[in-house]
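Here the structure comes first, spelled out in structure tokens, and everything after it is commentary.
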Amino acid sequence: MTYKKTILITGSNAGIGFITAKHAALAKQRVILACRSMPKAEKAKQEILQLDPNADVWIRPLDLGSFDSIRKFAETIERDFPVVDALVNNAGIYPMSEEYTAEGFEMQFGVNYLGHFLLSHLLLPVLSKAPAARIVHVSSVGHMMGNIKPNTFRGRKFYLWGMPAYGQSKLANVMLSNELSRRLPVNMTSNAVHPGYVDSDFFRNIPGFIYKALRKFLVSAEFSGKHIQEMAVADGWNNRTGEFISSQGPLPKSRKLNDLKLSNWLYEESCRLTGVEPVDAEKLTRSANLEASTLS
């Protein structure tokens, strides 16, 4: 019998996340849509079921702007899905004016990065039980504009339409991916991807005239979503870890990604901010092996 993988995708009711979920479901994998809006998640689920009535699709509420919501979500996943094979950290926002998470973090840093940081760590127990687990972080070429500035984590004096905040969050995404690739057990991988300049709901908050000018340069989410689905489940990604690639077009990479001291500091600080312990690969492996032996 073919092993059915369980794929969890954040922000999967539209855009790249939905395309990724669609391709995973049509490939006969179990798909969990982790979304803030349950009506939108249900609509996305029904669209997939129209393509394949037998698709194995689940929806669960997740607000990455609230640590309480993330913790409740992780508890629900651990209860309902004992093993998760792949986590796709896809959800992202770009508010044009400064907003804040429930814990008081600047919204882009809090949702795009810190929320996914907490989620990834809380799901490590169920990921570690998979034969070969994968975490895929959707970042952006926009990381080139980023700088890790601790005094902006809870807000900026000058928001500048969100570009510096967006760049920081996407730089932090790749640093997290790289840091996890160095810390996770050997049966788990972590990679990051720039999906290309995709026409998606990500641009919903920008002024209409700017979107109209940009749209001629944007590409469909179809190719990028399929590529991300392959990163999550395809054999071609077996044992590949610590990579940062582009689905479409060239990908310049910030030299800050080579700063291991900064990467380690951000990781340790993020553990402190979210209240989680740093990854202990040996402990994760022992726990997964113990549960496997108990069930056998």
Side-chain angles (χ1 to χ4, degrees), residues 5-12 16-17 20-21 23-24 29-34 60 62 64 70 73-74 77-78 81-92 111-140 143 169-195 224-225 227-247 257 263-264 266-267 270-271 274 276-281 283-285 287-288:
K5 295 181 179 179
T6 298
I7 318 300
L8 194 158
I9 308 162
T10 67
S12 42
I16 299 170
T20 302
H23 282 291
Q29 311 299 342
R30 177 179 294 112
V31 178
I32 306 169
L33 310 182
R60 292 292 184 273
L62 171 65
L64 287 162
I70 297 168
F73 173 83
I77 295 301
E78 193 164 7
F81 306 93
V83 178
V84 173
D85 296 88
L87 167 64
V88 180
N89 288 326
N90 164 77
V111 170
N112 298 352
Y113 168 65
L114 206 56
H116 280 125
F117 181 98
L118 176 58
L119 177 66
S120 298
H121 283 73
L122 294 179
L123 292 181
L124 287 179
V126 290
L127 285 161
S128 67
K129 297 172 191 172
R134 302 177 187 180
I135 304 177
V136 180
H137 310 260
V138 179
S139 183
S140 168
H143 82 284
S169 72
K170 292 297 151 181
L171 176 62
N173 286 153
V174 187
M175 286 186 167
L176 170 59
S177 179
N178 292 345
E179 200 65 34
L180 286 178
S181 75
R182 293 187 283 267
R183 294 171 179 260
L184 290 172
V186 293
N187 70 316
M188 302 176 71
T189 65
S190 176
N191 293 288
V193 59
H194 163 55
S224 297
H227 182 232
I228 293 169
Q229 181 261 340
E230 291 172 353
M231 291 180 69
V233 300
D235 290 344
W237 279 88
N238 288 343
N239 303 314
R240 292 173 62 175
T241 194
E243 297 186 34
F244 180 28
I245 65 166
S246 174
S247 293
L257 295 175
S263 178
N264 182 72
L266 178 62
Y267 180 84
S270 299
C271 286
T274 57
V276 298
E277 293 294 322
V279 172
D280 184 331
K283 182 178 179 181
L284 276 174
T285 301
S287 178

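A donor atom on one side chain and an acceptor atom on the other are not found under 3.5 Å apart for His194 and Ser247. Looking only at atom types and distance, the side chain of Ser190 has a donor-acceptor partner in the side chain of Ser177 under 3.5 Å away. Side chain to side chain, Ser139 and Asn173 fail the donor-acceptor criterion of an N or O pair below 3.5 Å. A donor-acceptor pair shorter than 3.5 Å cannot be found between the side chains of Arg182 and Asn264.
Formation of a donor-acceptor pair under 3.5 Å by the Asn187 side chain with backbone atoms of Ala132 is not found in this model. The backbone N or O of Gly225 lies less than 3.5 Å from a partner atom in the side chain of Thr20, making a donor-acceptor pair. A donor-acceptor pair under 3.5 Å is formed between the side chain of Asn90 and the backbone N or O of Gly11.
Nearest heavy-atom pair across Ala281 and Arg183 is CB-O, 3.4 Å. When all heavy atoms are compared, the tightest approach of Glu230 to Trp237 is O-CD1, 3.6 Å. Residues Leu62 and Ala34 approach most closely at CD2-CB, 3.8 Å, considering heavy atoms. Nearest heavy atom pair, residue Leu127 against residue Ala133, reads O-CB, 3.1 Å. Considering every non-hydrogen atom in both Pro195 and Ile16, the closest pair reads CB-CD1, 3.5 Å. Between Ser181 and Thr241, the shortest heavy-atom distance links the atoms CB-OG1, 3.3 Å.
Between Asn239 and Thr189, the closest side-chain pair of non-hydrogen atoms is not below 4.5 Å. Between Met175 and Tyr113 there is no side-chain heavy-atom pair separated by less than 4.5 Å. Taking the side chain as every heavy atom from C-beta outward, Ile9 and Ile32 never approach each other to under 4.5 Å. Contact check for Met188 versus Pro185: side-chain heavy atoms found under the 4.5 Å cut-off. Proximity of Thr10 to Leu119: side-chain heavy atoms (C-beta onward) are separated by under 4.5 Å at one or more points. At a threshold of 4.5 Å between non-hydrogen side-chain atoms, the residues Leu176 and Ser270 do not count as touching. Residues Phe117 and Val276 form a side-chain contact, since some pair of their non-hydrogen atoms from C-beta on lies under 4.5 Å apart. Between His227 and Met231, some side-chain heavy-atom pair lies under the 4.5 Å cut-off.
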Working note: Val193 + Val138, criterion side-chain contact (heavy atoms from CB on, under 4.5 Å); need CA distance, chi angles, decisive distance, verdict.
CA-CA 5 Å; Val193 59; Val138 179; 4.3 Å; yes
Check the pair Ser120, Leu87 against side-chain contact (heavy atoms from CB on, under 4.5 Å), reporting the backbone distance first and the verdict last.
CA-CA 8 Å; Ser120 298; Leu87 167 64; 3.7 Å; yes
Checking Phe244 against His137 for the side-chain contact (heavy atoms from CB on, under 4.5 Å) test, could you report, in this order, the C-alpha distance in whole Å, the side-chain angles of both residues, the deciding distance, and whether it holds?
CA-CA 9 Å; Phe244 180 28; His137 310 260; over 6 Å; no
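Taken to the nearest 0.5 Å, the CD1 atom of Ile228 stands 13.0 Å off from the CD1 atom of Ile7. One distance of note links NZ of Lys5 with CZ of Arg30; it measures 13.5 Å at 0.5 Å rounding. For the atom pair CD of Gln229 and NE2 of His23, the computed distance is 7.0 Å after rounding to the nearest 0.5 Å. Here the NZ atom belonging to Lys129 is positioned 13.0 Å from the OG1 atom belonging to Thr285, to the nearest 0.5 angstrom. The distance from the CD1 atom of Ile135 to the CG atom of Leu184 is 5.5 Å, given to the nearest 0.5 Å. Atom-to-atom distance recorded for Ser263:OG and Leu257:CG is 8.5 Å, nearest 0.5 angstrom.
Shown here is Asn238, whose CG atom has more than 12 heavy atoms of other residues, nucleotides or ligands within 6.0 Å.
Ring geometry for His121 against Tyr267 counts as tilted: the plane angle lies between 30° and 60°, on a 0 to 90° scale.
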